Amino acid sequence: MLLDIAGNGSYNAGSGRKNLMSKPVKTRFAPSPTGYLHIGGARTALFSWLFARRHGGTFLLRIEDTDQQRSTDESTRAILDAMAWLGLNWDEGPFFQAERVGIHRQMIERLVDEGKAYWCTCTQEELEEKRKTALAQGRKPKYDGTCRDRHLPPTPGSVVRFRCPDVGVTRMEDLIKGNILFQNEELDDLVIQRGDGYPTYNFAVVVDDAQMGITHVIRGDDHVNNTPRQILLYEALGFPVPLFAHVPMILGADKARLSKRHGATSVMAYRDMGYLPEALVNYLVRLGWSHGDQEIFTGDELQGLFDLDTVGKSPAVFNPEKLLWLNQHYIRTYSVERLVEALQPLWPAASDSAQGDFLRSVVGDLQSRSRTLLELIDGAAFYFSEEVRYDEKAAEKFLTAASAGHLEAVLEQLPGVENYTREGLEALLRSLAESRQTKLKEIAQPLRVALTGKTVSPGIDEVMATLGRKRSMERIARALSCIRAAPPS
RNA sequence: GUCCCCAUCGUCUAGUGGCCUAGGACACUGGCCUUUCACGCCGGUAACCGGGGUUCGACUCCCCGUGGGGACGCCA
């Protein structure tokens, strides 16, 4: 049944004029399940997905699990979860490459029969040795063709190599980098079937992309040098060669390829750190792609605007600060309800529906001042504590005999406030400041410390409104007793 | 070492021969707003890697250098 996917002919190519003129676009993301989905992979997947969406095409997911040693189901699940979280939905798949080895072997056999590939018994040790000496002598380490014309029969444990032409030029049409020429003499006879009988990446990817009808192969820059060999394989197999688009790498602050030592590289780690998928998507898409001066894009906008000809050619440095800025932006665009929902996996309190209104109010207070969900949770802690913990410096500065009078006045007035809302409370504080002939600040700061324990918090009127009359009064009363208990200074 | 790719503010980028005294965004920073913080608003610092060409004119085109990245696996 896996074979059928290539012939999915009755395809409706969306409404764009352009699409009516050309073959329907079909792209894919083909990760190997040897770890989580990382930032670089996510961006490649995003570009691939966006390109398909933009052109009314199909986006396919294929898991390249031919390396039996390193592939795990856990990784597959992690990748699928991350894709789902980012909203990168696939139209076909996931297909598992390892399930297709029968097909791959058939094709390999065919190539051997046709003399386009041959069995090779060189051992890994021998090859490793040759590579080392070649490198030491300043030569390019390539297979020397020992078994090329020996016409060896298949033997267990030996490999199959593809016979690369040693003259001529192979041309790659790259939608991002432009056309690139490779001298065939630079290529060597690559292994297409390993000793364990499994096809190698370069072979399997060609067969699968061809049979699955992929029109645009969008992948990382690191594959550029694989492409001429793959093109040669397409030709040897008699398959049409797709279009390629190699997207530049993402680098760390030191301009080295992004890796764990640069900090979090897993997509899901960003979820766990309190980032919103929209923020990560928006950040990632702007790494290498742009649309004039626009920085913020909705998903719909991206699907309408994205294209490969506006993708840049140079590698980009990952900048966590800008991601943070975007995350803050998206937190502010969320409705309180959606925010509460997003907070649930990170915050036990958010799952407590019993205090739904209180929770929504808390989240509303913090929404505009949080760069991540974790910051929000952190900033909200004081709402939930039984007894406010006073920051030492804050208490020292504001919970003083001098401010006790202000606090008493607030405490006195609170029971009489008819309109117990943010607005009503603001009005109260303002009139109090006026009647006590002081600045609002002189009342607000001590009050803030009394209610939150800190000098930094949401607007104090918001805090009181959220806390409610009873809790607010209790907290003020407690602050007052602390002031009285303290030795006079 | 060989091959491939790339090169505009610290970072992401706009710029497709004259519109550039190089634009935007993040970060940094001065100010305003203000009950703290954040937001918001106004302003500032900051870049075309170097050298040769081509051209009346180069950030833009070509060559060379330099720098950075990638590839050179029975990994993908």
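Quick caveat: nothing in here was measured; it's all calculated off a predicted structure. So that the names make sense, note that chain A is the first sequence line, chain B the second, and so on, each numbered from 1. Only this structure's heavy atoms are used, side chains among them; waters, hydrogens and symmetry mates stay out.
Without hydrogens or angle criteria, A:Ser290 side chain to A:Arg286 main chain gives no donor-acceptor distance under 3.5 Å.
Of the candidate nucleotides B:A76, B:U36, B:U2, B:U2 has the atom nearest to the side chain of A:Glu186. The side chain of A:Glu321 sits closest to B:A27 out of B:A27, B:C74, B:C72. For A:Arg430, the side-chain atoms get nearest to B:U34 when compared with the rest of B:U34, B:U11, B:U13. Closest to the side chain of A:Asn202, out of B:A76, B:U11, B:C74, is B:A76. Distance from the side chain of A:Arg286 is smallest for B:G24 among the nucleotides B:U36, B:G24, B:A25. The A:Ser290 side chain lies nearest to B:U13 when the options are B:A76, B:U13, B:G69. Side-chain proximity of A:Pro315 to B:C6, B:C12, B:A76: nearest is B:C6.
With respect to the salt-bridge test (charged N to carboxylate O, under 4.0 angstrom), the residues A:Lys393 and A:Glu396 do not qualify. Remark: A:Asp254 engages A:Arg261 in a salt bridge, criterion side-chain N to carboxylate O under 4.0 Å.
Neither OP1 nor OP2 of B:G68 sits under 4.0 Å from any side-chain N or O of A:Arg257. Put simply, A:Ser368 has no side-chain N or O that comes within less than 4.0 Å of OP1 or OP2 on B:A38. For the pair A:Arg131 and B:C74, the criterion of a side-chain N or O lying under 4.0 Å from OP1 or OP2 is met. Using a 4.0 Å cut-off, no side-chain N or O of A:Arg43 falls inside it from OP1 or OP2 of B:C12. Between A:Arg332 and the phosphate of B:A38, there is no side-chain N or O to OP1/OP2 separation shorter than 4.0 Å. For the pair A:Lys255 and B:C6, the criterion of a side-chain N or O lying under 4.0 Å from OP1 or OP2 is not met.
Across the strands present, B:U66 finds its partner in B:A7; the criterion is a Watson-Crick or G-U wobble pair with both atom distances under 3.5 angstrom. If you check B:G1 for Watson-Crick or wobble pairing at under 3.5 angstrom, you find it paired to B:C72. When Watson-Crick and G-U wobble pairs are counted only if both distances are under 3.5 Å, B:C33 pairs with no nucleotide at all. Searching all strands for a Watson-Crick or G-U wobble partner of B:C39 with both distances below 3.5 Å returns nothing. In this structure, B:A14 forms no base pair with any nucleotide, since neither Watson-Crick nor G-U wobble geometry is met with both distances under 3.5 Å. Under the Watson-Crick or G-U wobble criterion, with both distances below 3.5 Å, B:C20 has no partner in any strand shown.
At a cut-off of 3.5 angstrom, counting only N and O atoms as typed in the model, there is no donor on one side facing an acceptor on the other between the side-chain of A:Arg139 and the base of B:U2. A donor-acceptor contact under 3.5 Å links the side chain of A:Asp293 to the base of B:G23. Remark: the A:Glu295 side chain and the B:G24 base include a donor-acceptor N/O pair separated by less than 3.5 Å.
Nucleotide B:U13 holds its C1' atom 15 Å from the CG atom of A:Leu284, rounded to whole Å. Rounded to a whole Å, the CD atom of A:Glu442 is 11 Å from the P atom of B:U36. Following rounding to the nearest Å, A:Trp119 (CH2) and B:C74 (C1') show an atom-to-atom distance of 12 Å. Here B:C37 presents its P atom at 16 Å from CG of A:Leu366, a figure rounded to the nearest Å. In this structure, A:Arg371 atom CZ and B:C26 atom C1' are separated by 12 Å, rounded to whole Å. Atom CG of A:Asn184 is separated from atom P of B:C72 by 18 Å (rounded to the nearest Å).
Side-chain contact, A:Ser457 with A:Arg448: a donor N or O sits under 3.5 Å from an acceptor N or O. A:Gln68 and A:Asp196 share no donor-acceptor pair across their side chains, judged by distance under 3.5 Å alone. For the 3.5 Å distance criterion, the side chains of A:Asp365 and A:Tyr383 qualify, holding a donor opposite an acceptor. For the residue pair A:Asn327/A:Tyr283, the side-chain donor-acceptor check at 3.5 Å is not satisfied. Under 3.5 Å, the side chains of A:Asn282 and A:His329 contain no donor-acceptor pair of N or O atoms.
Note on A:Gly379: nothing from the nucleic acid sits closer than 4.0 angstrom, heavy atoms only. When heavy atoms are screened at a 4.0 angstrom cut-off, A:His223 is found touching base atoms of the nucleic acid.
Taking the six-membered ring for Trp and the full ring otherwise, A:Phe306 and A:Trp49 have centroids separated by 6.0 Å or more.
Within residues 61-69 of chain A, the residues that place at least one heavy atom under 4.0 Å from RNA chain B are, in residue-number order, A:Glu64, A:Thr66, A:Asp67.
Atom C1' of B:C48 sits at a distance of 10 Å from the matching atom of B:C20, rounded to the whole Å.
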